[in-house]
Amino acid sequence: MKEIKHYINGQYVGSANGKLFDNVNPVNGKVIAKVHEAGRDEVDAAVKAARAALKGPWGKMTLDERTRILHKVADGINDRFDEFLEAECLDTGKPKSMASHIDIPRGAANFKVFADMVKNVAAESFEMATPDGSGALNYAVRRPKGVIGVISPWNLPLLLMTWKVGPALACGNTVVVKPSEETPTTTALLGEVMKEAGVPDGVYNVVHGFGGDSAGAFLTAHPDVDGFTFTGETSTGEVIMKAAAKGIRDISLELGGKNAGLVFADCDMDKAIEGTMRSAFVNCGQVCLGTERVYVERSIFDEFVSRLKAEAEKLRIGPPDDDKANFGPLVSLKHREKVLSYYQKAVDDGATVVTGGGVPDMPEEYAGGAWVQPTIWTGLPDDSAVITDEIFGPCCHIRPFDSEEEAIELANSLPYGLASAIWTENVSRAHRVAGQIEAGIIWVNSWFLRDLRTPFGGSKQSGIGREGGVHSLEFYTEMKNVCIKL
Ligand SMILES: NC(=O)C1=CN([C@@H]2O[C@H](COP(=O)(O)OP(=O)(O)OC[C@H]3O[C@@H](n4cnc5c(N)ncnc54)[C@H](O)[C@@H]3O)[C@@H](O)[C@H]2O)C=CC1
Ligand SMILES: O=C(O)/C=C/C=C(\O)C(=O)O
């Protein structure tokens with residue numbers, strides 16, 4: 001059986017404690033690899049390697065050299081595209097058609113975009129007057145923050161991990177990555193690409209394991225890490241924030257969402273249906289930006305519900321290798337238990353199940369997989385947990401509204417504030433509503449349209465800080481002002 005080891009100081013190493021855990025294929029429930037679980041020793045070795053690398057060749061490299069190496073990392077991912085694709089699809093079960101368009105290309109792009117960004121960002125400077133008339137010049141320079149702890153989730157494993165590692169390295173930091181225990185493979189594979197690209201040993205380190213009382217907690221408790229970037233559940237973000245408080249370490253948190261889609265009667269219905277379909281069901285609903293609450297103006301409510309139902313029922317459920325499949329399993333049986341508990345809760349709370357609501361019939365070879373049906377409900381009360389909790393599954397509830405004010409109030413009614421999608425052809429309404437929605441990311445007549453230069457993150461309990469574009473540089477660097485008396 002294949003073993004997945006830590007990548008520390010440029011070497012693949014096993015755990016001294018001998019602990020291994022299963023890496024399971026969610027398509028059929030079969031174990032595909034054994035993963036080494038890091039103890040405190042491996043985490044400590046990884047942090048020490050990262051610290052030492054800051055003072056080694058990496059820390060002395062010119063920006064041009066660093067940029068060239070990061071471009072090679074991106075090229076290395078593209079050169080081994082099929083290997084990354086296979087690994088990501090085995091870990092997650094997602095359709096290859098999706099991973100080949102989103103996950104792997106973005107995994108590569110994250111290195112190129114941020115390498116170029118760092119090279120082209122302007123410095124700040126201010127001239128000032130002084131009492132003696134000679135004046136002074138201030139200029140600010142960016143310096144790497146140091147060792148960054150990267151804790152990444154399982155829904156878009158390579159994409160979200162490199163979204164952090166790309167800018168962290170571009171800014172000259174070193175990293176210790178703790179990928180999700182569900183999806184360790186592409187993070188491990190990236191070590192080989194780093195080596196081939198000429199990234200010095202100790203710059204990119206990976207430790208595998210779980211969150212609490214395992215690699216994740218050991219990493220956040222380690223005093224020699226300078227900052228943490230995390231994507232995942234809000235409650236985990238709270239734990240990481242507490243750990244980071246010890247020693248006043250910086251954090252960037254991209255947390256849960258319960259995003260609203262607002263569909264106005266003046267929308268282009270075809271666009272609204274297509275966009276809502278993607279935002280509810282792509283990646284089996286496991287996207288933090290996804291729409292689980294859809295609010296539709298009453299005059300078009302029935303038409304919207306019946307058209308969304310028709311489209312949801314056309315989704316083709318199947319494994320990654322099925323070229324026609326556009327809907328895979330959830331990431332694990334454990335996650336399926338959570339999603340199915342909400343499917344049951346919806347019924348208990350009086351929902352009308354428009355479509356789905358259960359487990360699909362799958363051929364015998366996939367019977368052990370984490371399959372669920374795409375599901376749509378109507379008729380739930382606003383305080384049902386199905387409406388208020390992030391389910392992170394392929395499901396949405398549709399509720400009618402009667403006025404723009406009501407739609408905005410409903411969208412803003414929860415403690416989350418990650419993303420929102422507004423469907424209207426009225427440009428004034430689009431601006432007006434976008435301005436009032438309490439969320440970090442608003443799409444109008446689109447969803448998941450990503451420009452990596454833009455600020456990305458959540459408000460309220462959906463996160464702290466923004467990454468993307470120069471905002472990533474804010475987190476991954478320390479600014480130092482130099483004031484020169486002339
Ligand atoms: N992109 C997103 O916004 C994601 C949201 N979720 C949400 O979280 C729910 C639970 O999924 P999980 O994988 O359990 O998410 P999680 O937030 O527990 O895990 C994400 C990462 O954090 C690590 N982690 C967990 N506890 C930690 C701790 N105490 N210290 C340090 N690291 C820790 C995990 O090992 C993993 O690498 C999902 O049902 C979904 O609602 C999950 C994954 C991604
Ligand atoms: O495009 C991105 O950078 C990120 C997309 C999705 C997430 O952050 C998520 O699902 O967590």
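Numbering of ligands and ligand atoms starts at 1, following listing order. Residues take their numbers from the sequence shown, with the count starting at 1. These numbers come from a predicted model, not from an experiment.
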**Asked** Is the closest basic N to carboxylate O distance between Lys460 and Glu438 below 4.0 Å?
**Response** yes
**Message:** Just to confirm my output: which protein heavy-atom neighbour is closest to atom 18 (O) of ligand 1, and how far is it?
**Reply:** Thr236 OG1, 3.1 Å
**Asked** Near Phe448, which atoms of ligand 2 are under 4.0 Å from a heavy atom of that residue?
**Response** 1 (O), 5 (C)
**Fill in**
Judged by heavy atoms only, the candidate from Cys288, Gly458, Ser462 nearest atom 3 (O) of ligand 1 is Cys288
**Thr229 and Glu467: side chain donor to acceptor below 3.5 Å** = yes
**Complete:** Contact region, Glu182 to ligand 1, non-hydrogen atoms below 4.0 Å, reads neither
**Prompt:** What is the distance from atom NZ of Lys112 to atom CG of Leu452, rounded to the nearest 0.5 Å?
**Reply:** 13.0 Å
**Prompt:** Hey, which atoms in ligand 2 end up nearer than 4.0 Å to a heavy atom of Leu289?
**Reply:** 5 (C), 6 (C)
**Request:** Return the residue, atom name and 0.1 Å-rounded distance of the protein heavy atom closest to atom 2 (C) of ligand 2.
**Result:** Arg450 NE, 3.3 Å
**Asked** Any side-chain donor paired with an acceptor under 3.5 Å for Asn259 and Thr291?
**Response** no
**Prompt:** Hey, what do you get for CZ (Phe84) to CD1 (Ile104), rounding to the nearest 0.5 Å?
**Reply:** 7.5 Å
**Message:** Cation-pi check for Phe475 against Lys145: NZ or CZ below 6.0 Å from the six-membered ring centre and within 45 degrees of the axis, yes or no?
**Reply:** yes
**Prompt:** Which residue holds the protein heavy atom closest to atom 6 (C) of ligand 2, what is that atom called, and what is the gap in Å?
**Reply:** Leu156 CD1, 3.5 Å
**Asked** What class does the angle between the rings of Phe392 and His335 fall in, given that below 30° is parallel, 30 to 60° is tilted and above 60° is perpendicular?
**Response** perpendicular
**Asked** Who's the nearest protein heavy-atom neighbour of atom 4 (C) of ligand 1, and how far?
**Response** Phe392 CZ, 3.4 Å
**Message:** Test your reading of the model: is there a side-chain donor-acceptor pair from Ser214 to the backbone of Gly216, 3.5 Å cut-off?
**Reply:** no
**Message:** Between ligand 1 and Ser152, is the shortest N or O to N or O distance under 3.5 Å?
**Reply:** yes
**Item:** Per atom 30 (N) of ligand 1, closest listed option by heavy atom (Ala217, Gly256, Gly393)
**Value:** Ala217
**Item:** Contact (N/O only, under 3.5 Å) between Glu254 and ligand 2
**Value:** yes
**Request:** Pick, from Gly256, Gly232, Cys288, the option with the minimum heavy-atom distance to atom 9 (C) of ligand 2.
**Result:** Cys288
**Message:** Please confirm whether Arg106 approaches ligand 2 to less than 4.0 Å, judged on its heavy atoms.
**Reply:** yes
**Asked** How close does the nearest protein non-hydrogen atom get to atom 42 (C) of ligand 1, and which residue and atom is it?
**Response** Trp154 CZ2, 3.8 Å
**Message:** Closer than 4.0 Å to some heavy atom of Asn155 - which atoms of ligand 1 meet that?
**Reply:** 1 (N), 44 (C)
**Asked** Hey, is the main chain of Val386 close enough, under 3.5 Å, to the side chain of Ser384 for a donor-acceptor pair?
**Response** yes
**Asked** Which atoms of ligand 1 are found less than 4.0 Å from any heavy atom of Gly212?
**Response** 26 (N), 27 (C), 28 (C), 29 (N)
**Asked** Considering only the protein, which heavy-atom contact is closest to atom 32 (N) of ligand 1, and what is its distance?
**Response** Gly216 CA, 3.6 Å
**Request:** Identify, by atom number and element, the atoms of ligand 1 in contact range of Val239, meaning under 4.0 Å from any of its heavy atoms.
**Result:** 29 (N)
**Message:** I'd like to know whether the aromatic ring centres of His208 and His6 sit less than 6.0 Å apart in this structure.
**Reply:** yes
**Asked** Ignoring hydrogens and geometry, is there a side-chain-to-backbone donor-acceptor pair from Glu42 to Gly39 under 3.5 Å?
**Response** yes
**Request:** May I ask you to check if ligand 1 and Glu390 share an N or O to N or O distance below 3.5 Å?
**Result:** yes
**Request:** Please round to the nearest 0.5 Å and tell me the distance separating atom CE of Met98 and atom CD of Glu88.
**Result:** 9.5 Å
**Message:** Side chain or backbone, does Trp163 bring an N or O within less than 3.5 Å of an N or O on ligand 2?
**Reply:** no
**Prompt:** Out of Val165, Asn205, Asp201, which one pairs with Met194 under the side chain to side chain contact (heavy atoms under 4.5 Å, CB included) rule?
**Reply:** Val165
**Request:** Quick one: look at Leu452 and ligand 2, take heavy-atom pairs under 4.0 Å, and tell me if it's side chain, backbone, both or neither.
**Result:** neither
**Prompt:** When you measure from the side chain of Thr477 to the backbone N and O of Leu473, does any donor-acceptor pair fall under 3.5 Å?
**Reply:** yes
**Request:** Report the member of Lys258, Glu233, Lys178, Glu181 with the shortest heavy-atom distance to atom 10 (C) of ligand 1.
**Result:** Glu233
**Request:** Classify the angle between the aromatic ring planes of Tyr204 and Tyr7 as parallel (below 30°), tilted (30 to 60°) or perpendicular (above 60°).
**Result:** tilted
**Request:** Would you mind checking which non-hydrogen protein atom is closest to atom 24 (N) of ligand 1, with the distance to 0.1 Å?
**Result:** Gly211 CA, 3.5 Å
**Prompt:** Can we call the ring centroids of Tyr342 and Trp377 under 6.0 Å apart?
**Reply:** no
**Message:** Please list the nearest protein heavy atom to atom 22 (O) of ligand 1 with its residue and the distance rounded to 0.1 Å.
**Reply:** Phe230 CE1, 3.2 Å
**Message:** At less than 4.0 angstrom from any non-hydrogen atom of Pro153, what atoms of ligand 1 do you find?
**Reply:** 43 (C), 44 (C)
**Asked** Can Thr67 and Lys119 be counted as having a side-chain donor-acceptor contact under 3.5 angstrom?
**Response** no
**Prompt:** Which bit of Phe210 gets closer than 4.0 Å to ligand 1, counting heavy atoms only: side chain, backbone, both or neither?
**Reply:** backbone
**Prompt:** Short N/O distance, under 3.5 Å, between Thr231 and ligand 1?
**Reply:** no
**Request:** Could you tell me which atoms of ligand 2, counted from 1 in the order shown, lie closer than 4.0 angstrom to a heavy atom of Thr231?
**Result:** 11 (O)
**Message:** Tell me if the aromatic rings of Tyr476 and Phe114 count as close, with their centers under 6.0 Å from one another.
**Reply:** no
**Complete:** Quick look: Val287 vs ligand 2, heavy-atom contacts under 4.0 Å, and the answer is both
**Item:** Residue part near ligand 1, for His335, under 4.0 Å between non-hydrogen atoms
**Value:** side chain
**Prompt:** Does atom 14 (O) of ligand 1 have a protein heavy-atom neighbour under 4.0 Å away?
**Reply:** no
**Message:** If I apply the N/O under 3.5 Å rule, does Lys338 come out as touching ligand 1?
**Reply:** yes
**Prompt:** Regarding Lys271 and Ser446, is there a side-chain donor-to-acceptor distance under 3.5 Å anywhere?
**Reply:** no
**Message:** Suppose we measure from atom 23 (C) of ligand 1 to each protein heavy atom; which comes out shortest, and what is that distance?
**Reply:** Ile151 CG2, 3.6 Å
**Per-atom contacts, ligand 2 versus Leu160 - under 4.0 Å to a heavy atom** = 4 (C), 7 (C), 8 (O), 9 (C), 11 (O)
